[in-house]
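This is a predicted model, so every value here is computed, not measured. Keep in mind that the numbers below use all heavy atoms, side chains included, and drop hydrogens, waters and symmetry copies. Chain letters run A, B, ... following the sequence lines, proteins first and then strands; every chain starts at 1.
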There are 2 protein chains.
Amino acid sequence: MTLDETDRRILRALQAGGRISNADLAEAVNLSPSACHRRVQRLEASGVIAGYVALLNARKLGMPTYVFVEIKLATQADEVLDAFEKAVARVPHVLECHLMAGSADYLLKIVAEDTEDFARIHRQYLTRLPGVTQMQSSFALRTVFKTTALPV
Amino acid sequence: MTLDETDRRILRALQAGGRISNADLAEAVNLSPSACHRRVQRLEASGVIAGYVALLNARKLGMPTYVFVEIKLATQADEVLDAFEKAVARVPHVLECHLMAGSADYLLKIVAEDTEDFARIHRQYLTRLPGVTQMQSSFALRTVFKTTALPV
DNA sequence: CCTGAAACTACTTCAGT
DNA sequence: ACTGAAGTAGTTTCAGG
């Protein structure tokens, strides 16, 4: 799928405000509402736009604690990875799980109410993950910034 | 701000689909459209709902490469942290920047087209960040999962 | 704090260029 | 591909319980 500058402007606007009205979006990108609407539908249908979400304020919800957990597995055998990934999908509070290059690590990003809440998640869930040989948790003191917007 | 179960249902629905119509949302949470609308406005005004965004498919935009960069600074003096944070805010492709506990590290999450593109970002921007004494980059081979939804 | 109705605004489609 | 207009649907406000 090929994007022109107008498409990119649409994507930038929607990444900044997912609930902008089609009328306002059309005006922002210098298009008539119907032409703009057609382009947005095309971007949605092609999957370039994966979806729309509300972003919540973790602090106001009493979950200001972010922890990154690095995990080393015993082996990189597919069955071990599969079992680990199926298990980690069931752990609550895990926002991201990445398979990492280098030492066949996983990197998890976890959100919690406080360090005690993380300790509970750790005891209750992380220590039960299969195939793990090493685990190191790093706490974020402060999120300097964070965006969901990709550079387009 | 205190949330009841209906508020939490609203938040879960909006985290799953930020563009759901108020009418459909009202039906999903068993409320009249006007009552639902008032609750959503209250959640927005209180800041619990930080905003709405479109999420894009990084792969379809040709940026499938995620890199986590751990950075150690020479000192933890406030001026050094400030200077670092101001500088990192100007680096393109950085999606997240966290100040980490333990060894006064920063953790960056960077998105790139491929490893060469990351090498360019590294050369052009990361090596110029002030106060850095050590930097270690870890590539994600595969994102197992990723969500923006907080558990509410 | 909710409901229901009314007024307003926006979305979505389609014929025409 | 885009425009403009028409029909449909949704939002938002407000009087009343």
Practice task
Identify whether the distance between the nearest side-chain nitrogen and carboxylate oxygen of R39(A) and D4(A) falls below 4.0 Å.
Solution key: yes
Exercise for the section: Find the distance L3(A):CG to dA1(D):P and express it as a whole number of Å. Expected result: 13 Å
Exercise for the section: For residues T75(A) and L81(A), determine if any side-chain heavy atom of one lies less than 4.5 Å from a side-chain heavy atom of the other. Expected result: no
Fill in the blank from the handout: In whole angstroms, the gap separating C1' of dG10(D) from CD of E27(B) amounts to 14 Å
Problem - Under-4.0 Å side-chain N/O to phosphate OP1/OP2 contact, R38(A) with dC2(D) - result: yes
Exercise for the section: Please tell me which of the listed nucleotides, dT13(D), dC1(C), dT13(C), lies nearest to the side chain of S34(A)? Expected result: dT13(C)
Problem - Integer-rounded Å distance: dC11(C) P and Y52(A) OH - result: 11 Å
Practice task
Indicate, with a heavy-atom threshold strictly under 4.0 Å, whether R39(B) touches base, sugar-phosphate, or nothing.
Solution key: sugar-phosphate
Handout entry: Euclidean distance, atom CG of residue L25(A) to atom C1' of dC2(D) [Å, nearest integer]
Key = 16 Å
Exercise for the section: Kindly say if H37(B) contacts the phosphate of dT11(D), meaning a side-chain N or O under 4.0 Å from OP1 or OP2. Expected result: no
Handout entry: Residue N22(B), side-chain atoms from C-beta onward, closest of dT12(D), dT3(D), dC2(D)
Key = dT12(D)
Handout entry: Donor-acceptor pair between Y52(B) and E44(B) side chains, under 3.5 angstrom
Key = yes
Completion exercise
D24(A) atom CG is separated from dT9(C) atom C1', nearest whole Å, by 11 Å
Handout entry: Nearest-angstrom distance from the residue atom CZ of R19(B) to C1' of dG10(D)
Key = 13 Å
Exercise for the section: Rounded to the nearest angstrom, tell me the gap between atom CD1 in I10(A) and atom C1' in dA1(D). Expected result: 13 Å
Exercise for the section: Provide, to the nearest angstrom, the distance between the CG atom belonging to N30(B) and the C1' atom belonging to dT3(C). Expected result: 14 Å
Practice task
From the options K72(A), E85(A), E70(A), H98(A), select the one residue that forms a side-chain hydrogen bond (donor to acceptor under 3.5 Å, both in side chains) with Y106(A).
Solution key: E85(A)
Practice task
Between Q41(B) and S32(A), name the one whose nearest nucleotide on DNA chain D is closer to the 5' end.
Solution key: S32(A)
Practice task
May I ask you to test the T133(B)-L73(B) pair for a side-chain heavy-atom distance under 4.5 Å?
Solution key: no
